[in-house]
Every structure is written in C-alpha cells, then in structure tokens.
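Working notes, beginning with the structure itself.
Here the structure is a predicted model, which is why all the values come from computation and not from measurement. Within every chain, numbering begins at 1; the chains are lettered A, B, ... in the order of the sequence lines, protein sequences first and strands thereafter.
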Amino acid sequence: MLDLKFVRANPEIVAEGLKKRGAQVSLAEFLALDEKWRRQLAEVEQLKNRRNTVSEEIALMKTAGKDASAQIADMREVSQKIKEMDESLKELEAEIEQALLTLPNLPHASVPVGQDSVDNPVMRIWREPPKFGFDPRPHWEVAEALDILDFERGSKVTGARFTFYKGLGARLERALINFMLDLHTGQHGYTEIIPPFMVNRESMIGTGQLPKFEEDMFKVEKTDYYLIPTAEVPVTNMFRQEVLEAETLPIYLTAYSACFRAEAGAAGRDTRGLIRQHQFNKVELVKFATPETSYDELEKLTADAEKVLQLLELPYRVVVLCTGDLGFSAAKTYDLEVWLPSFNAYKEISSCSNFEDFQARRAGIRYRPAPKAKPQYVHTLNGSGVAIGRTVSAILENFQQEDGSVRIPEVLRSYMGGVEYIRA
RNA sequence: GGAGAAGUAGCGAAGUGGUCGUAACGCGCCGCACUCGAAAUGCGGUUGUCCGCAAGGGCACGUGGGUUCGAAUCCCACCUUCUCCGCCA
C-alpha cells in the first residue's frame with residue numbers, strides 16, 4: 001500500500017510511477033475523495049469536541065445537583081448528527097482504503113522501463129546450456145520412463161495439474177528441500193520456519209495477494225482461510241501489527257511449504273509436466289530489513305538463491321524485471337531463470353523482490369530505529385530459494401543421459417542415500 | 001463439539017456509567033542525583049495513531065455492533081487464550 005500522505009503530496013510522482021507499470025489509474029478522483037474525507041473529518045471532530053466538553057459540564061452539574069436537561073436535549077441532537085456523519089465518513093474511508101489497496105507499488109528508480117518480459121535485461125548468465133549428443137526429452141517423458149512421476153493418477157485422484165511423486169522421484173523432491181534448507185540455515189544465516197499452509201484474509205491482504213487477486217487463490221469453504229500460494233504470506237505476516245526492536249534487524253527466515261495456486265487464466269499453458277501445478281513445494285527466503293539496507297539485502301538474497309542453482313550445477317541466468325513486468329507489490333525484482341532443454345529456453349525458478357514498505361504498511365510491520373524514536377515501517381523482501389518442482393524438472397532435463405538415466409548432482413547424493421544415477 | 005474463566009501500556013495488575021486512559025500500584029526501560037565506579041537508594045520520564053501551517057482537536061481498554069447526553073464499565077455477536085469434558089494424529 002502506498003502512503004496516503006505521500007500520494008497526497010506527490011500525485012505527479014505517483015502517477016508517473018504507475019504509468020511506467022502500465023497501470024491506468026485516475027488520481028484526480030482519488031484526491032477529490034481524500035479532500036472530501038478530510039473536510040468531513042474536521043467537521044465531525046469539532047462536534048465530538050463539543051460533545052466531550054458539554055458531557056463533562058453535565059457531569060459537573062449533576063454532581064452539583066443542578067438541572068442539566070437543556071444540555072442533555074442539546075447533546076441528543078449533536079450525538080445524532082455525529083452518528084450520521086460517522087457513517088458517511090466510514091464509507092468514504094472504505095472507498096479510500098479500497099482504492100489504496102488496489103494501487104500497485106511504485107517501481108524503484110533503478111528498474112528499467114519496459115512493457116513486458118521481452119524487455120527484461122539479462123544481468124548475468126551462469127554456465128552455458130548443455131549440448132546433447134542425442135535428442136533430449138522433456139522431463140515428463142524422462143520421469144515416466146523412470147517411473148518416478150505419475151501424472152495420470154494425479155489427475156484421476158484429484159484433477160489436472162496434480163501429480164504423484166514415486167520412489168526416487170519423491171526422494172529427489174525431499175532431498176532438494178533438505179539440501180536447500182540446510183544451505184540457507186547452515187551457510188546463509190537464515191532461521192528455519194515451518195508455517196501454517198492456510199492463512200486468513202488479513203494475511204492475504206498484508207502481503208498484497210488480496211483484494212485484487214482473489215481468483216488466483218484456493219479458498220477453504222466455510223472458513224475465512226486461504227491455501228497459501230507461497231510461504232511468503234504466512235512468514236511475512238508473522239510480525240503483522242508488531243513493532244520490532246531495531247537490533248533484531250535484519251531478520252532472515254527460510255521456510256519450506258507446499259504452495260497452492262489456482263492458476264486462473266493459465267488454461268492450455270504448460271499443461272504437461274511439473275512446470276505449472278496447482279500444488280508444488282518451495283523453499284522460500286524472507287527478510288525484514290531497515291530501509292537503509294534493503295537494497296543490499298536484495299542483492300544478498302538473490303545471491304543466496306543463485307547459490308542453490310550453482311551447487312546443483314544448473315545453468316541459469318538472472319534478469320531484472322522491467323516496470324511493465326513487475327509484480328503488484330514489488331519495487332524491484334530479479335528473476336532467476338533455469339535452462340530447460342525441452343522449452344529450449346530459460347524458465348523462472350525464483351523471483352527475488354524488495355517490497356520496500358509496501359507490504360509493511362499493509363501489514364503494520366514496524367521497527368523502532370532508536371530507543372525513544374517513532375516506529376517506522378520495515379522493508380520486506382523475499383525470494384524463492386528455490387521452487388522445488390521446477391528444480392526437479394531442470395535436473396531431469398539437464399542431467400538426462402542417452403540411456404534414459406539421470407545423473408544426480410554431487411551435492412545431492414548424500415541426501416539421496418548415495419544414489420548417483422536414477423535408472424529405470 | 002460441550003461447560004466455565006479471562007482479554008486494559010514492554011510485562012504483571014487496579015479501575016465495574018461522568019470528577020482527568022499520556023491509565024493508580026508493582027516490575028522493566030531511559031535520564032539525573034548520590035558514588036572513584038557499581039549496586040542499593042532518591043527524583044523525573046516512559047502508548048500509538050489520525051486531522052491541522054499552527055494553535056488545537058479526534059480516536060483506541062481483544063474485534064464489530066447496540067443502549068446512553070456520556071461506555072473500559074451495561075447489552076448482543078464474533079475472535080483469541082486458559083481450565084475441564086468429549087474426539088483425534
């Protein structure tokens with residue numbers, strides 16, 4: 001959420017930022033609404049002041065044994081007026097709140113202006129894509145030949161975009177989760193979290209999934225709960241409506257969770273394989289930082305995610321999302337894209353963002369810069385560290401052998417019970 | 001799921017219709033004094049937020065409603081925690 005005061009004072013800066021994203025927003029209407037609200041607020045507060053003063057007088061008169069019926073009758077009218085005005089004020093507030101909640105974050109100055117993913121500049125490339133002496137197969141074919149993924153039964157038991165992992169396939173998924181958590185906790189200084197996989201509506205608003213993207217979520221019937229689309233939601237909301245002590249920052253948390261996405265609008269895209277599932281596993285990185293350090297922290301967080309791919313020997317590149325491709329809540333985002341031979345392209349496997357105070361303002365996450373100082377909003381960051389299902393895909397495709405077996409990267413073997421190759 | 005109890009500042013806790021919710025009292029924390037220094041002791045300070053150029057106001061006692069001239073206090077609904085029972089991995 002943008003700062004109302006900032007929007008009020010700098011409408012042209014806000015309008016420009018939103019335009020760079022390609023968002024069509026009329027600020028004039030919004031500002032008029034705000035103006036109206038402030039006018040009414042001043043008016044009703046004056047009435048409340050009068051009510052408070054006179055009520056005190058009534059109390060004094062009563063204890064003195066005097067008749068206060070004239071004042072009481074007077075206040076009855078004032079109170080009625082206040083009630084009416086409070087109601088209309090509440091409606092105005094709700095309108096402003098709604099407008100504010102549906103405005104996306106402003107891009108950081110360093111974010112390149114562009115329309116869509118085609119305009120995302122490539123920052124760096126790690127390892128060239130592999131060359132095969134044979135026709136490499138897509139991961140779903142590799143996996144079915146090895147009997148480690150069962151897409152058909154997933155569809156039967158649940159529906160499209162659900163999958164059974166089996167044998168060494170399941171083992172590989174579990175190995176990756178453990179490897180990544182061990183790396184981030186052991187080498188990168190993160191504290192491990194296992195969060196709830198369902199959250200309430202407040203939390204979804206806190207990180208920016210709601211109110212705009214309801215269709216992308218799975219909602220649990222008869223409750224206020226949503227299945228989490230990423231551990232970012234519960235982990236960031238851990239400190240919702242709290243004031244953190246400055247010396248505790250930065251906070252580094254890493255969490256494994258299953259993630260659930262309705263994938264509305266994705267019909268027909270990536271229908272085969274593990275790339276686009278309704279349920280997938282992910283190890284997430286979340287940081288809470290001061291505004292002064294948050295962009296350094298973003299670089300470090302991205303490096304932490306990259307380390308996973310490097311140790312797994314997977315070729316990848318890093319792009320910076322241009323203004324038009326930036327997510328709703330993010331001020332700046334780096335995407336890590338892993339090479340997938342079956343796509344003959346790089347595919348997103350991690351998205352690392354600095355949200356600045358956008359989420360913190362929604363969720364009320366603050367810190368006290370100094371012992372006596374006013375609380376300030378923290379900056380929140382997160383990134384996949386990394387998506388597990390897509391990593392499995394990348395391993396199956398990049399490390400497949402001509403005989404159909406798949407080489408397990410060195411670093412994973414101890415997690416795989418010493419297995420070096422998955423064979424049929 | 002059933003029965004009971006409770007939610008007030010960083011923590012404990014008082015207040016049960018008006019005369020001070022920047023909230024008694026205690027702990028903690030900050031400053032000062034005393035001291036070579038510390039401890040102990042004494043004195044002072046210690047919520048957040050909104051509107052306003054300011055002066056100055058408004059709001060908040062789990063949350064949301066209601067009653068009243070006036071609600072932490074009375075009424076209703078909900079949330080959370082605790083105790084007991086039931087069920088359960």
Side-chain angles (χ1 to χ4, degrees), chain A residues 1-11 30-101 194-206 219-226 234 237-249 251 258 357 360-378:
Chain A
M1 185 159 62
L2 300 179
D3 181 4
L4 176 57
K5 286 178 189 166
F6 182 82
V7 178
R8 203 181 275 155
N10 308 282
F30 176 78
L31 291 170
L33 199 64
D34 175 54
E35 171 99 32
K36 189 175 169 193
W37 169 71
R38 282 187 290 163
R39 236 190 355 258
Q40 285 201 23
L41 184 67
E43 220 177 303
V44 76
E45 286 192 352
Q46 217 170 343
L47 282 181
K48 283 181 178 175
N49 178 230
R50 177 141 172 261
R51 180 177 67 183
N52 288 343
T53 317
V54 176
S55 286
E56 226 165 281
E57 284 169 20
I58 292 171
L60 287 172
M61 289 173 79
K62 286 210 160 187
T63 45
K66 292 189 210 155
D67 174 43
S69 49
Q71 282 81 351
I72 288 177
D74 212 19
M75 283 308 101
R76 188 171 292 145
E77 258 175 65
V78 170
S79 273
Q80 187 54 36
K81 179 77 181 156
I82 287 173
K83 201 173 167 184
E84 284 162 21
M85 291 189 68
D86 265 345
E87 255 166 66
S88 111
L89 215 49
K90 226 170 136 179
E91 280 168 34
L92 283 176
E93 261 161 42
E95 262 184 84
I96 292 169
E97 173 92 347
Q98 193 62 22
L100 228 40
L101 283 176
I194 298 178
F197 290 5
M198 294 183 208
V199 296
N200 57 32
R201 187 177 173 82
E202 270 302 297
S203 296
M204 284 295 201
I205 290 173
K219 173 127 196 238
V220 181
E221 238 188 307
K222 292 179 195 159
T223 70
D224 179 37
Y225 302 157
Y226 295 81
N237 277 283
M238 275 178 78
F239 300 118
R240 175 144 54 82
Q241 299 299 335
E242 291 188 30
V243 179
L244 305 170
E245 293 304 325
E247 60 266 23
T248 64
L249 298 174
I251 295 171
D357 62 7
R361 181 170 285 110
R362 288 173 162 248
I365 308 169
R366 298 177 294 172
Y367 76 106
R368 208 177 289 281
K372 289 276 178 179
K374 287 251 171 232
Q376 305 285 320
Y377 289 112
V378 301

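- Between the side chains of A:Asn52 and A:Ser55, no donor-acceptor pair of N or O atoms lies under 3.5 Å.
- Closest to the A:Ser55 side chain, of the nucleotides B:rG70, B:rG48, B:rG52, is B:rG70.
- Distance CZ (A:Arg201) to P (B:rC79): 17 Å, rounded to an integer number of Å.
- In this entry B:rC59 has B:rG48 as its Watson-Crick or G-U wobble partner, both defining distances falling under 3.5 Å.
- As a whole-Å value, the separation of A:Asp86 CG from B:rG66 P is 10 Å.
- The shortest distance between the side-chain N/O atoms of A:Lys62 and the OP1/OP2 oxygens of B:rG17 is not below 4.0 Å.
- When the C1' atom is compared between B:rG26 and B:rC75, the two are found 34 Å apart, to the nearest whole Å.
- With a cut-off of 3.5 Å on both pairing distances, B:rC87 has no Watson-Crick or G-U wobble partner at all.
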Checklist entry - Base, backbone or nothing for each nucleotide of nucleotides 57-64 of chain B, written B, S, -, heavy atoms under 4.0 angstrom, 5' to 3'? => result BBS----S
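- Counting to the nearest Å, the P atom of B:rG17 and the CD atom of A:Glu56 are 18 Å from each other.
- Rounded to the nearest Å, the gap between the C1' atom of B:rC20 and that of B:rA71 is 16 Å.
- Counting to the nearest Å, the C1' atom of B:rC79 and the CD atom of A:Gln241 are 15 Å from each other.
- Here the P atom of nucleotide B:rA71 and the NZ atom of A:Lys83 are 12 Å apart, to the nearest Å.
- If you check every strand for non-hydrogen atoms under 4.0 Å, A:Arg8 touches sugar and phosphate atoms only.
- Across all strands shown, B:rG18 forms a Watson-Crick or G-U wobble pair, both distances under 3.5 Å, with B:rC69.
- Nucleotide B:rA33 forms a pair with B:rU41, judged by Watson-Crick or G-U wobble geometry with both contacts under 3.5 Å.
- A heavy atom lying under 4.0 Å from RNA chain B marks the following residues of residues 67-75 of chain A, by number: A:Ile72, A:Met75.
- Positionally, the nearest nucleotide of RNA chain B for A:Pro375 lies more toward the 5' end than for the other of A:Pro375 and A:Ser79.
- What separates CG of A:Leu60 from P of B:rG17 is a distance of 18 Å, to the nearest Å.
- In this structure B:rC82 sits in a base pair with B:rG4, meeting the Watson-Crick or G-U test at under 3.5 Å.
- B:rG52 sits 47 Å from B:rA39 when the P atoms are compared, rounded to a whole Å.
- In this structure, CD of A:Glu93 is placed 17 Å from P of B:rU49, rounded to the nearest angstrom.
- Residue A:Arg366 has no polar side-chain atom (N or O) positioned under 4.0 Å from OP1 or OP2 of B:rG48.
- Base pairing annotation: B:rA54 forms no Watson-Crick or G-U wobble pair, as no partner gives both donor-acceptor distances under 3.5 Å.
- The distance between atom NZ of A:Lys5 and atom P of B:rC53, rounded to the nearest whole Å, is 11 Å.
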